[in-house]
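Report on the structure given below.
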Amino acid sequence: MHHSKIILLVFVSFSCSPITQTNHTSENDSEVQLQALGETDCDSLLNDTQSLKANTLMPVQKVPKDLIESLVSLDSMLSLPMKEWIKCLPDGEFGAYVHFGLGGYLRNSWGLWGNSELAKNLYLMGIFHPDDMSAIILDSYQRKLKGEEIRLDEQIKYYQDFWRESGMPVDSLLNEIEKEIREDSEH
């Protein structure tokens, strides 16, 4: 296994939730000023992270088997400055910002395009596309890092509804998965 660090290359300018700035402002500051402070704080965190080269990933030692292991593995791959930046971002924005960088790295190195145990387990949960798998992992990680509920059922439903609207036979697939799970439990 190659043990060099992987550098995240896909970062653009970011915004941050005004929640993180409450100590920096007076009650008379406008919402625009709060938003500007938020962008500055998140941008500062990102700049610090990049200047320290803390936006590198530790190499994948083992492909996780399930969602819980993927969150633990992702946590071990990221630096403390990266984690602070992730916490700064509004819900769901982390996954969107790193979809092609870190998200692509996870899809490829964790076998989400293939037949890894992780991909199989996520598929059995009703997550059908590797992009959706990595998005759920990244959004769940961000929420966990912030101490929030990951709301897994809500995330799965969001992607299933998307595919239903796109014409994919989601309900047929879910019925096949349920049938497969029943048959496996009988053997």
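Only a predicted model underlies this, so the values are computations on that prediction, with no experimental measurement involved. Hydrogens, waters and symmetry mates are skipped; everything else that's a heavy atom, side chains included, is used. All residue numbers refer to positions in the sequence shown, counting from 1.
Taking each heavy atom of Gly103 and Ser134 in turn, the nearest pair found is O-CB, 4.0 Å. The minimum heavy-atom distance linking Ala119 with Gly111 is given by the pair CB-O, 3.6 Å. The minimum heavy-atom distance linking Leu152 with Met125 is given by the pair CD2-CE, 3.1 Å. For the pair Gly126 and Ile156, the tightest heavy-atom approach, listed with the atom from each and the gap, is O-CG2, 4.0 Å. Nearest heavy-atom pair across Trp113 and Asn108 is CD1-OD1, 3.4 Å. In terms of heavy atoms, Gln142 sits closest to Pro90 at NE2-O, 3.2 Å.
Between the CG atom of Leu138 and the CG atom of Leu71 there is a distance of 9.5 Å, given to the nearest 0.5 Å. To the nearest 0.5 Å, atoms NZ (Lys65) and CH2 (Trp110) are separated by 14.0 Å. Note that the CD1 atom of Ile86 and the CZ atom of Arg143 stand 14.0 Å from one another [nearest 0.5 Å].
A salt bridge links Lys83 to Asp75: at least one charged side-chain nitrogen sits closer than 4.0 Å to a carboxylate oxygen. A salt bridge links Lys87 with Glu84: the closest approach of a Lys/Arg side-chain nitrogen to an acidic carboxylate oxygen falls below 4.0 angstrom. Using a 4.0 Å cut-off between charged side-chain N and carboxylate O, Asp66 and Lys120 make no salt bridge. Electrostatic pairing of Glu186 and Arg182 does not count as a salt bridge here, judged by no charged N lying under 4.0 Å from a carboxylate O. Salt bridge Arg164/Asp171: present, at least one basic N to carboxylate O contact under 4.0 Å.
Remark: aromatic rings of Tyr159 and Phe128 are distant, center separation not under 6.0 Å.
Side-chain contact between Ser73 and Lys62 is absent, with no heavy-atom pair separated by less than 4.5 Å. A 4.5 Å side-chain heavy-atom check between Leu80 and Trp85 finds every atom pair outside the cut-off. Considering only heavy atoms from C-beta on, Leu122 stays 4.5 Å or farther from Asp132 through its side chain.
Heavy atoms of other residues, nucleotides or ligands lying less than 6.0 angstrom from CD of Glu149 number 12 at most.
For the side chain to side chain contact (heavy atoms under 4.5 Å, CB included) criterion with Arg107, the lone passing option out of Leu112, Ile137, Leu102 is Leu112.
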(message) Between Arg151 and Asp91, does the salt bridge (charged side-chain N to carboxylate O under 4.0 Å, His left out) criterion hold? Intermediate values first, please.
(response) CA-CA 12 Å; Arg151 304 186 315 266; Asp91 186 48; 3.3 Å; yes
